[in-house]
Amino acid sequence: MADIHNETDTYDPAAVEAKWQRRWIERGTNTVSLERAERPFVNLMMYPYPSAEGLHVGNVFAFIGSDIHGRYRRLRGYDVFEPIGFDAFGIHSENYALQVNTHPAELIPRNIARFREQLRRIGLMVNWEHELSTTDPAYYKWTQWIFLQLYEAGLAVKKAAPVNWCPQCMTVLANEQVINGFCERHPDTTVSQRVLEQWFFTITQFAQRLLDNLDTLDWSDSTRTAQINWIGRSEGAELVFETPVGEPIRVFTTRPDTVFGATYVLLAPEHPLVDRLTAAEQQAEVNAYRRRATRMDVVARRIGSAEKTGVFIGAYASNPATGQMVPIWIADYVLMEYGTGAIMAVPAHDERDYEFATQFDLPIVRVIEPENEETLPYTGWDGSLVNSGRFDAMSCRDAVGAITKWLEEKRLGKEEVQYRLHDWCISRQRYWGPPIPIIYCDDCGEVPVPEADLPVILPPLDDFRPDASGVSPLARNEEWYRVPCPRCGKTARRETDVSDTFLDSAWYYLRYPSTDFDDRPFDAELTRKWLPVDSYIGGNEHAVLHLMYARFITMALHDLGHLPFEEPFTRFRAHGTIVKDGAKMSKSRGNVVVPDAYIARWGADTFRMYLMFLGPYQEGGDFRDTGISGIRRFLERVWGIVSETDGTGGAEPAVRKLHQTIRKVTVDVEGLRYNTAIAAMMEYVNLLRSDEGGQVTRDLTEPLVLLLSPFAPHFAEECWERLGHHESVFDACWPDFDEQLAREAEIEIVVQVNGKVRSRLTVRPGISEEEAIRLAKADESVRKFVNGKEIRKEIWVPDRLVNLVV
RNA sequence: GCCCGGGUGGUGGAAUCGGUAUACACAAGGGACUUAAAAUCCCUUGGGGGCAACCCCAUGCGGGUUCGAAUCCCGCCCCGGGCACCA
């Protein structure tokens with residue numbers, strides 16, 4: 001044991017951490033050979049957006065939890081590739097650049113440098129050789145390439161669409177970026193509606209596959225549920241209401257069983273049939289209503305008035321079931337984006353229709369007789385039909401199919417499935433993003449930029465401020481804007497929209513292994529070897545958008561023959577959020593905590609462990625400063641134990657506890673239950689230090705250092721070296737446990753009388769029921785409660801309890 | 001309004017195939033060491049009663065199922081996050 005340092009020096013985290021960060025670089029500890037690796041494992045974490053403020057505690061919480069998992073896998077013998085990059089395009093960077101009056105191209109590298117430093121400082125096992133930034137032309141060349149692939153496949157289409165316009169950003173927002181009618185980034189600014197030509201990816205074509213594939217993925221349930229709800233499949237029927245102008249109104253309904261009660265029809269104000277159907281005398285009123293509706297944004301245009309509004313357009317349509325002519329109204333709560341933009345209103349059995357009908361005095365016809373409920377509207381399924389001709393007395397469920405079939409025979413309806421999912425609008429009338437690689441020629445029309453001409457470089461404009469015109473700042477740069485048509489050579493114009501940052505992040509995981517290649521986005525062989533991603537850990541705030549878009553892009557590239565798989569992330573786990581004072585950390589709330597000062601004071605290892613000890617990783621927790629000293633004390637105790645280590649073997653209680661601890665930590669780390677894994681290690685250390693612990697030996701400390709290493713990597717390296725090892729602790733193996741050694745020699749079983757604990761017996765494990773009950777009955781404090789009463793029942797849970805019912 | 005989490009000591013949290021509630025840690029109090037303080041170490045710490053052995057009560061609230069409920073069921077309340085008339 002001559003090589004063990006029996007040093008009594010104290011633990012100095014700053015020195016230890018600096019030493020090992022230097023060593024990791026010198027030795028290439030965190031570099032994995034992508035070509036030679038035998039057991040490839042990609043440990044992905046959600047790359048950050050490099051803001052000027054640097055990483056906050058919420059960010060590092062996410063990275064640390066993922067890093068622990070990566071390090072654990074490495075100790076399990078995998079060749080772990082843990083890459084990181086920067087999501088540096090987008091409205092955030094651009095707005096900030098405008099605010100401080102500095103070009104984003106200048107700001108971003110500065111921010112990235114700071115982020116890189118912070119990420120290094122917390123000791124992530126990152127392969128820096130494969131770092132990427134979405135703003136790098138070598139990266140966005142391939143973002144543009146992906147656009148072209150989808151374009152050629154007909155999955156990128158241009159449509160005139162009503163979009164959300166933020167007058168503050170002076171640009172378009174995605175529906176998903178509008179919060180209660182206000183801009184996500186300007187909570188005081190109302191979003192209004194504008195019609196612009198936009199590029200869309202037709203993700204809706206993949207809706208069913210995106211839904212079906214969820215069954216095959218090992219994802220957190222919460223994330224899977226969020227995706228299911230977002231896709232929003234609903235089954236029903238499309239029914240046809242004939243109109244006098246020849247073209248019928250098609251409505252989607254999930255309740256075709258109630259069609260006999262449809263007493264009017266509602267169209268979205270933008271519905272194309274409105275112009276043709278509106279009676280002359282109603283025209284003025286209809287126009288006024290439509291103008292008012294478009295002043296508001298698409299999603300939340302009714303914020304502020306809970307009351308229903310609408311206008312009769314002076315025309316009638318025929319109810320396909322009754323043949324009766326029913327009035328046609330327009331109402332802004334009917335959305336053009338969903339279904340057919342038209343609904344049949346059944347006021348007796350729908351809340352909103354009921355409210356609307358009551359307000360405008362429209363007829364209400366009951367068609368369901370519920371079993372016991374009398375008040376209208378009745379929206380349930382338990383009842384039978386009335387006022388529905390030949391379908392009277394049929395149950396609602398049966399009537400759905402029967403009525404749909406009947407109308408189908410009359411060519412007035414068919415079964416239909418609708419999805420809530422919208423097509424993905426990727427156009428942004430902004431500057432700071434990858435230009436969409438399309439050229440408009442007066443003769444040839446829309447021409448894709450030839451692949452050889454990629455990337456379309458974002459020109460370094462001085463004035464990149466959006467203006468009220470709604471045209472991208474890029475259009476003001478003539479030199480860039482005018483370009484020869486790739487087909488005919490005549491002067492043509494570039495597309496001036498840039499693409500959504502969600503497109504950058506929809507494929508970044510594909511790029512990591514292939515960052516060295518300039519001539520292809522992702523190398524076929526490396527991709528086959530390393531991808532799809534083995535483990536992805538990230539926040540549930542990206543449960544729908546980012547993860548859905550990444551799945552869609554992967555699926556599309558698969559269909560186009562570029563990828564051998566169609567799902568990008570085999571396993572996904574959502575972590576919780578770190579909150580401060582009961583609320584999510586955000587700049588506007590002023591409750592952002594920056595990790596730097598804590599790391600400087602306590603060290604990265606203590607800080608890492610402390611964050612993981614706050615609460616369950618998958619639920620997050622409340623950040624407080626109190627308690628961090630407990631972790632530091634724990635590490636110092638381990639430090640002391642390592643110093644005292646001598647000899648082999650170990651006292652029986654210590655060995656037993658060791659094997660129990662290995663078992664517990666292994667299971668907990670697998671399940672991302674880091675808080676309880678840490679608690680288990682603390683218990684073990686407490687035992688080693690107690691009278692029962694005996695002499696600390698190499699056999700008792702080495703496994704502890706290994707268990708600790710994913711959590712406190714620098715600290716573990718130092719201890720490992722002090723224990724006489726010359727290789728990195730991360731080149732060692734995760735310890736195994738022995739069930740036999742973990743077994744207790746004696747266990748305590750509880751004796752209850754009528755379910756109340758009355759005594760505890762110390763017995764050997766595996767004791768028989770008869771013997772346990774005999775011992776229980778003989779116990780004095782038990783006898784006090786049984787006391788001559790008749791024992792009616794004896795309950796035996798092996799190795800746990802006896803319950804006597806008297 | 002809908003969906004998803006969650007509510008357990010002074011605090012963060014453990015324990016959920018129903019079976020010893022309060023692991024681990026912080027804070028607090030007491031003690032040892034010290035001229036003193038810090039650090040460290042040891043002890044106490046859910047509430048109530050009792051000299052004590054022990055007993056009673058307690059997991060947001062109210063019911064229920066069960067030999068036994070923090071855990072399952074029904075009905076509420078509160079907190080956090082997400083979505084917003086989805087036909």
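Chain naming here is simple, since letters A, B, ... match the order of the sequence lines and numbering starts at 1 in each.
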Looking at every strand, decide which applies to [X] at a 4.0 Å heavy-atom threshold: base, sugar-phosphate, or nothing.
X: A:Asn686; answer: sugar-phosphate
X: A:Arg689; answer: sugar-phosphate
X: A:Phe785; answer: sugar-phosphate
X: A:Phe634; answer: nothing
X: A:Asp221; answer: nothing
X: A:Arg633; answer: sugar-phosphate
X: A:Arg673; answer: nothing
X: A:Gln752; answer: base
X: A:Arg758; answer: sugar-phosphate

Which one, [options], comes nearest to the side chain of [X]?
X: A:Arg624; options: B:G12, B:A87, B:C24; answer: B:G12
X: A:Leu614; options: B:C4, B:G12, B:C54; answer: B:G12
X: A:Leu335; options: B:G6, B:U20, B:A87; answer: B:A87
X: A:Glu683; options: B:A84, B:A87, B:C24; answer: B:C24
X: A:Thr676; options: B:G13, B:C83, B:A15; answer: B:A15

- Message: Can you tell whether the side chains of A:Asp779 and A:Arg783 come within less than 4.0 Å, N to carboxylate O?
- Response: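 Between A:Arg783 and A:Asp779 there is no salt bridge, as every charged N stays at least 4.0 Å from the carboxylate O atoms.
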In whole Å, what is the span from the [atom1] atom of [X] to the [atom2] atom of [N]?
X: A:Gln660; N: B:A23; atom1: CD; atom2: P; value: 17 Å
X: A:Asp625; N: B:A25; atom1: CG; atom2: C1'; value: 15 Å
X: A:Arg637; N: B:A39; atom1: CZ; atom2: P; value: 13 Å
X: A:Ile631; N: B:G13; atom1: CD1; atom2: C1'; value: 12 Å
X: A:Asp622; N: B:A25; atom1: CG; atom2: P; value: 21 Å
X: A:Arg255; N: B:A87; atom1: CZ; atom2: C1'; value: 11 Å
X: A:Arg783; N: B:A53; atom1: CZ; atom2: P; value: 21 Å
X: A:Leu267; N: B:C86; atom1: CG; atom2: P; value: 17 Å

Taking the [atom1] atom in each of [N] and [M], what is the distance between them to the nearest angstrom?
N: B:U11; M: B:C83; atom1: C1'; result: 33 Å
N: B:G60; M: B:A69; atom1: P; result: 15 Å
N: B:A37; M: B:G48; atom1: C1'; result: 39 Å
N: B:U8; M: B:G13; atom1: C1'; result: 9 Å
N: B:C51; M: B:G64; atom1: P; result: 37 Å
N: B:U66; M: B:A70; atom1: C1'; result: 16 Å
N: B:G7; M: B:A14; atom1: C1'; result: 15 Å
N: B:C73; M: B:G19; atom1: P; result: 14 Å

What does [N] pair with, Watson-Crick or G-U, if both distances are under 3.5 Å?
N: B:U59; answer: none
N: B:A70; answer: none
N: B:C41; answer: B:G31
N: B:A23; answer: none
N: B:C83; answer: B:G1

- Task: Check whether any side-chain heavy atom of A:Trp329 lies under 4.5 Å from a side-chain heavy atom of A:Val265, and answer yes or no.
- Result: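 Counting from C-beta outward, A:Trp329 and A:Val265 never come under 4.5 Å.
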For [N], take OP1 and OP2 only and decide whether either is under 4.0 Å from a side-chain N or O of [X].
X: A:Lys756; N: B:A69; result: no
X: A:Asn675; N: B:C24; result: no
X: A:Ser234; N: B:A87; result: yes
X: A:Arg352; N: B:C86; result: yes

Centroid separation [X] to [Y] less than 6.0 Å:
X: A:Tyr264; Y: A:Phe360; result: no
X: A:Phe711; Y: A:Tyr674; result: yes
X: A:Tyr11; Y: A:Phe715; result: yes

[X]-[Y] side chain donor-acceptor pair, cut-off 3.5 Å:
X: A:Thr379; Y: A:Asp350; result: no
X: A:Tyr333; Y: A:Thr309; result: no
X: A:Gln208; Y: A:Arg233; result: yes
X: A:Gln418; Y: A:Glu238; result: no

- Quick one, which residues of residues 793-806 of chain A touch RNA chain B with a heavy atom under 4.0 Å? A:Lys793, A:Ile795, A:Val797, A:Arg800, A:Leu801, A:Asn803, A:Val805
- Query: Does A:Glu415 CD have over 12 foreign heavy atoms under 6.0 Å away?
  - Reply: no
- Query: Mapping A:Glu636 and A:Arg760 onto RNA chain B by nearest heavy atom, which one lands closer to the 5' end?
  - Reply: A:Arg760
- Item | Residue met sooner reading RNA chain B from 5', once A:Val544 and A:Ala342 are mapped to nucleotides |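 Going by which nucleotide is closer to the 5' end, it is A:Val544.
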- Task: Decide, for B:G30, between syn and anti: a glycosidic angle within 90° of 0 counts as syn, anything else as anti.
- Result: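 Here B:G30 takes the anti form, which means its glycosidic angle is more than 90° from 0.
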- Decide salt bridge (charged side-chain N to carboxylate O under 4.0 Å, His left out) for A:Arg764 and A:Glu744; before the verdict, give the C-alpha distance in whole Å, the side-chain angles of both, and the deciding distance to 0.1 Å. CA-CA 8 Å; A:Arg764 59 181 165 72; A:Glu744 293 286 355; over 6 Å; no
